[in-house]
Structure formats: C-alpha cells, structure tokens
Asks: 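Can you keep this structure in mind? I'll have questions shortly.
All values derive from a computational prediction rather than experimental measurement. Atoms within a ligand are numbered from 1 in the order they appear, just like the ligands themselves. Residue indices begin at 1 and follow the sequence shown.
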Amino acid sequence: MKIAIIGAGYAGMSAAYDLRKVGHEVTIFEYTEYVGGLASGFKEPHWDWSVEKFYHHWFQSDSSMLGLIEELGWDDKVIFPRPLTVMMYKDKFHPFDSIINALLFPGLGFGLNKIRFGFVGLFLRLTNDWKSLEKVTADSWMMKWAGKQVYEQMWKPLLIGKFGPFYKDVNMAWMWARIKARTTRLGTFEGGFQKFADMFAEKLQAMGVEIRLGVGVRFIKKNQASGLSIDAGGTVESFDKVLVTTSPNLMAKLCPDLPENYLKGLLELKSMGAVVMVLSLKHQLSKDGYYWFNLPKEAGFSMLALVEHTNYVSKEHFGADHIVYAGDYLELGHAYFSMSDEELLAKFLPAFKKINPEFSRDWVKKVWVNKTNYAQPVPLVNHSKNIPVIQTPIDGLYFASMSQVYPWDRGTNFAVEIGRRAARMMVEG
Ligand SMILES: Cc1cc2nc3c(=O)[nH]c(=O)nc-3n(C[C@H](O)[C@H](O)[C@H](O)COP(=O)(O)OP(=O)(O)OC[C@H]3O[C@@H](n4cnc5c(N)ncnc54)[C@H](O)[C@@H]3O)c2cc1C
C-alpha cells in the first residue's frame, strides 16, 4: 500500500517504522523543518547535547518507548538518573520523591493525614479499575478519600497548575494514571531527545521511508474511485491510506468531509496549551541540586514548574551553561501567549529569587520561549465515551493523537504505543 503519515512526532515515526517493516511505501509529511514534534529539542553551537523545548523525560515504566529503543538496538544510550523533586511547605522546599521523603514531609503532619495519604497512594497504585474512577472528579474523590488537608496540600495545586479553570472537572482516572505510571528515576537519551528523534528518522530513511520536512498538509479528501488525496504544500497526491497525528482541532480542519458526529467529537475535546521558557544561566540556581520544583500558584508563583535541567544531566554537556525551564499549562487566550520574551521573563524571574536569593538578572545568558496550543488533553467525567476512534468513518483515514491515549496521560511512550496500534489497524484493514 502507498501510505501517507501526517506528522513526524513519535506517533507518526513509530507508525512509519512498523508499516515500512512489512513492506508498505510510506511518506511522512512534517510541517516543521525537524522531526520529534512536541518532544523536539534545540542546541547552541557550544553544546554537545540538545535541550528539549518543553521539559521531557521517561519513566522506567514507559515500556512502549523503552521497548522500541531496545528493538532499534540503542538501549545502551538511555540513562536513568535519580534527580530530586521538591514540594513547597511554608516557604521551604522539601524533597518528595520517595516513601521515606514522603513520610518526612512536614506538610501533612505525622498523624491521620499521613496515613490517609499513604493508603490513597497505595490504593491507586494497586487498582486497575480506572473505569470506576473516571465517573467522578479528582476534586471530589480526593476530598472524600484523602481528606481536605492532604488534597489541598498535595493534589489540588497540581490540578490547578495543570488544568487552570478546568481543575474541578478533571476525572479521577487521570490522577490514577499519573500515580500508576510514574517512577522516581527519570530517563533520557544520551545527547537529548532530539538526538534520538534524528537517529530514528535516519533509520526510517535507511529503511526506505520518505520524510518530507517543511511540508504542511492543507487538506485530505476522499477520492471518487478509491484512496485519499492530500494537498501537501500545494501539490495534490493520492494514497491508499492516510494516518493523521496532529491535534484533534487540526484534524477537523484538515478533513472537513468527516461525518458531522466525528467532527463534533473532535472539536468538543478540551485541552490546555503550554508556555515554557528555557534559560541558560551563568550559575547553578538550586544550591541543593534540586531538579524539579512543584510551585503552588496559590503561594503567588507565576508558573507551575521550575526545572533545573543541569541538576539532572551534567552541565558539561552544555558548555558549562546551567539550563533551567520555567513553564506553565494555560488555557487558550491566556495573556502569556501574547507576551514578549522580556515580559515573560519579568513575570517568571521573581520565582528564581525565591529559590536562590543570590540570583540576579545578570545570571541570565539567553532565553528561548516555546509555546503550543496543544499540550495537555483535559479528561472530563466519563471521558472514555468521548475518545475519537482511530479508524475514522472515512475509509482508509486514521487518526492517532495525544487525546486518544486515555486513560493514560499524554507522553512520548503513549505516542509510540498509539502510533504502532494505528499501524496494526491500517495493515489489518
Ligand atoms: C510541556 C510539555 C511537557 C511534556 N513532558 C513530557 C515528558 O516529560 N515525557 C514525555 O514522554 N512526554 C512529555 N510530553 C508529551 C509529549 O511531548 C507528547 O505526548 C508526544 O510528543 C506526542 O507525540 P505525537 O507524535 O502524538 O504528536 P506531536 O509530537 O505533536 O507530533 C505531531 C506532528 O505533526 C506535525 N503537524 C501538525 N500539523 C501538520 C500539518 N498540517 N502537516 C504536516 N505536519 C503537521 C507537527 O509539527 C508535529 O511534528 C510533554 C508535552 C508538553 C507540551
């Protein structure tokens, strides 16, 4: 079969890998000039490793991604350091990434609340019954079972940070998936995620996959006889099958001929965008060597996460620059999307001073700001009923996106899984 894949992120590239392995003629169309999609990275001339535009790491439970890397023979290039994640309580940061540290965390006292926290965590790790959990909101479930103090100290700031105005609507299966699939060791690829994406793309090309970069697909139409036509950068080409890996919104724009109820389903899915600033600094920000700071918005922080990348991987890979991310998930139309880099910097820098009082503006060597409208799907109550099917009602047209990996939360691991699942469906017809 002659197959077109729209998007050279992990879903698109993983699908291409499996389709080409069984002999199909595959062309990937990618709008940007690079592969890797949301997990892509960039590199300064004096850096050996790339830095992801949006902070990225793998968990040891990411079996689809780690399995693919093993198949490709590159598992010796995956490293799993154990960086420190911290949580704030009364203006101080405390490590919170192991059972011992959770037991020592002062924010929950040392009595009933800690026991409730422990039991809720244990229950969520052991249960597989996410279908019952998706019937209620995380807000109401946590209030009931974890209790007000545990919820307000631990989980509510996370929900507010990730989902802003929708935080009360998110279902409990999202929280379950998050707790279930996470590990304290965090993985990356030697050289950065972009290095892996580039090696994967080279491998695909060597296998005979054509990757056309800088080519945005403008529409997909059903042919009168058979197959589908796509307009890629002004040239119309015909294919037997097409897999789209963009956001649901873009999918609806690309293919308005989809039946009304499928289009409606795509357009009704909610998601959050993200604004993430990457900074290179002259000095280390966290003297304690902390990697990930969970910042509660209610304590006046202007973002959700501050992440010192070079407390995770060595600064020697970045010409001794210290790399820090400051990022937030935001509803579309939020003021951060239209702010200049300087305005955003002015918003974010006060948090740096709270982490290290010695920090000053002249530590900042350079900043890069990355924005995306589609960063985090918002799963509402009974969300499983709203997931668009991969095999669309148009014969030969398939759709695989972050919004369909539910009940799992989005991630490159699940992009690989859904890409390969879509490829199987395309082959089986
Ligand atoms: C802030 C943030 C932090 C994250 N952290 C992590 C993390 O720590 N670990 C992790 O595993 N995952 C993380 N993720 C999620 C991860 O990036 C995604 O789940 C994954 O990259 C999705 O892959 P994909 O192939 O489904 O989509 P994408 O990567 O979005 O790929 C879709 C591709 O389609 C292209 N495209 C769009 N329209 C067109 C068109 N018309 N024509 C041609 N091409 C088009 C896009 O340019 C893009 O390259 C994070 C995401 C964000 C935003």
Asks: Flag this pair as yes if the NZ/CZ of K353 is under 6.0 angstrom from the six-membered ring centre of F359 and inside a 45 degree cone about the axis; otherwise no.
Replies: no

Asks: According to ring-ring contact (aromatic ring centres under 6.0 Å, His included), who are the partners of F301, at least two apart in sequence or on a separate chain?
Replies: none

Asks: For D409, check side chain to side chain donor-acceptor pair (under 3.5 Å) against everything at least two apart and list the hits.
Replies: W174, Q376

Asks: Can you confirm whether K347 is buried at NZ, in the sense that more than 12 heavy atoms of other residues, nucleotides or ligands lie under 6.0 Å from that atom?
Replies: no

Asks: Going by the rule ring-ring contact (aromatic ring centres under 6.0 Å, His included), which residues pair with W49 if we only count those two or more places apart in sequence or in a different chain?
Replies: H317

Asks: Provide, line by line, the atom pairs where ligand 1 and the protein bring an N/O atom each to a distance under 3.5 Å; else say none.
Replies:
| unit_1 | atom_1 | unit_2 | atom_2 | d |
| --- | --- | --- | --- | --- |
| ligand 1 | 5 (N) | Y55 | O | 3.1 |
| ligand 1 | 8 (O) | H57 | N | 3.0 |
| ligand 1 | 8 (O) | H57 | O | 3.4 |
| ligand 1 | 9 (N) | H57 | O | 2.8 |
| ligand 1 | 11 (O) | T412 | N | 2.8 |
| ligand 1 | 11 (O) | T412 | OG1 | 2.6 |
| ligand 1 | 12 (N) | T412 | N | 3.3 |
| ligand 1 | 14 (N) | H56 | NE2 | 3.1 |
| ligand 1 | 17 (O) | H56 | NE2 | 2.7 |
| ligand 1 | 19 (O) | G411 | N | 3.1 |
| ligand 1 | 19 (O) | G411 | O | 3.4 |
| ligand 1 | 25 (O) | Y10 | N | 3.1 |
| ligand 1 | 25 (O) | A11 | N | 2.9 |
| ligand 1 | 29 (O) | L38 | N | 2.8 |
| ligand 1 | 41 (N) | V217 | O | 3.0 |
| ligand 1 | 42 (N) | V217 | N | 2.9 |
| ligand 1 | 44 (N) | Y31 | N | 3.1 |
| ligand 1 | 47 (O) | E30 | OE2 | 2.6 |
| ligand 1 | 49 (O) | E30 | OE1 | 2.6 |
| ligand 1 | 49 (O) | E30 | OE2 | 3.2 |

Asks: Distance under 6.0 Å and angle within 45° of the ring axis: does K264 meet both against Y262?
Replies: no

